[in-house]
Amino acid sequence: MNTDPACIFCKIIAGEMPATMVAEDEVTIAFMDINPVNEGHLLVVPREHHQSIASIPGSVLSHMALIARWLTAALRASLVRTEGVNLYLADGAAAGQEVPHAHLHVIPRWRGDGIRISVGRPATPTREQLEEMAAQIRAAAID
Ligand code: 5GP
Ligand code: ZN
């Protein structure tokens with residue numbers, strides 16, 4: 001299995017660093033974010049070290065999504081204030097990724113919590129611009 005001895009999340013997985021666990025199985029671990037955006041903020045982390053989702057095997061990525069769904073239901077049923085949930089994944093430093101071990105954030109939300117994940121949409125493209133962008137993405141997509 002891929003691991004990186006310098007990686008904080010690999011150290012948590014190896015039991016070399018503490019974390020407050022919520023769920024563990026053979027593919028993923030889920031623990032409390034040490035610096036939560038909102039109370040109850042969780043991270044779903046694959047045991048395998050992959051910096052980008054690009055290299056995570058599909059079965060592992062699907063498992064992360066299933067665990068995130070399960071934790072979303074758990075949050076909604078729990079005493080943690082949860083009127084809604086954001087699932088969030090930062091792939092690459094430019095997207096805000098700080099820990100280079102791909103992971104999925106599960107963030108409980110409530111009306112008026114003051115959190116802004118979307119900070120505005122600077123432009124409204126024309127239909128032609130959308131078509132051109134879609135064509136570029138389709139042309140580069142690899143099966
Ligand atoms: P990223 O910006 O990479 O998507 O998110 C990294 C997340 O990991 C941040 O929300 C940050 O608070 C959390 N984090 C960083 N180091 C640790 C740690 O040592 N333990 C825990 N539990 N969370 C961490
Ligand atoms: Zn790692």
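Ligands are counted one by one from 1 in listed order, and the atoms in each one are counted from 1 as well. For this chain, numbers begin at 1 and follow the sequence in order. All of these numbers come straight from a predicted model, not from anything done at the bench.
Contact annotation: the side chain of Pro125 never approaches that of Met133 to less than 4.5 Å [non-hydrogen atoms, C-beta and beyond]. Contact check for Val106 versus Tyr88: no side-chain heavy atoms found under the 4.5 Å cut-off. Contact check for Phe31 versus Ile12: side-chain heavy atoms found under the 4.5 Å cut-off. Between Leu89 and Asp91 there is a side-chain heavy-atom pair separated by less than 4.5 Å.
Contacts with ligand 1 closer than 4.0 Å are made by side-chain heavy atoms of Leu43 only, the backbone lying farther away. Under 4.0 Å from ligand 1, the heavy atoms of His103 that appear belong solely to its side chain.
Nearest heavy-atom pair across Ala102 and Ser52 is CB-C, 4.1 Å. Residue Leu87 comes nearest to Ala68 through the heavy atom pair CD2-CB, 4.1 Å, listed as atom of the first residue, atom of the second, then distance.
From the protein, the heavy atom lying nearest to atom 15 (C) of ligand 1 is Val99 CG2, 3.9 Å. In terms of protein heavy atoms, atom 11 (C) of ligand 1 is closest to Asp33 OD1, 3.4 Å. Protein heavy atom in closest approach to atom 3 (O) of ligand 1: Glu98 N, 2.7 Å. Ranking protein heavy atoms by distance to atom 4 (O) of ligand 1, first place goes to His105 NE2, 2.8 Å.
Of the options Asp113, Thr72, Val37, Val80, a side chain to side chain contact (heavy atoms under 4.5 Å, CB included) to Pro108 is made by Val80 and by none of the others. Of the residues Arg47, His50, His101, the one that meets the side chain to side chain contact (heavy atoms under 4.5 Å, CB included) test with Asn2 is His50.
Within ligand 1, counting atoms from 1 as listed, the ones closer than 4.0 Å to a heavy atom of Asn35 are 12 (O). Every atom of ligand 1 with a heavy atom of Phe31 under 4.0 Å away is listed here by number and element: 21 (C), 22 (N).
Among the atoms of His50, no N, O or S atom falls under 2.8 Å of the Zn ion (ligand 2).
Aromatic ring centroids of His103 and His105 lie under 6.0 Å apart.
Of the listed residues (Ile34, Ile8, Ile12, Leu104), the one carrying the non-hydrogen atom nearest atom 23 (N) of ligand 1 is Ile34. Looking at Pro36, Ala90, Gly96 and measuring to atom 2 (O) of ligand 1, the nearest heavy atom belongs to Gly96.
For ligand 1, the polar-atom distance check finds no N/O of Gln97 at less than 3.5 Å from any of the ligand's N/O atoms. Some N or O of Met32 is nearer than 3.5 Å to an N or O of ligand 1, by distance alone.
No other N/O/S atom of His101 lies as close to the Zn ion (ligand 2) as ND1 does. Distances from the Zn ion (ligand 2) to the N/O/S atoms of His49 are shortest for ND1.
There is a side-chain donor-acceptor pair under 3.5 Å between Asp25 and His63.
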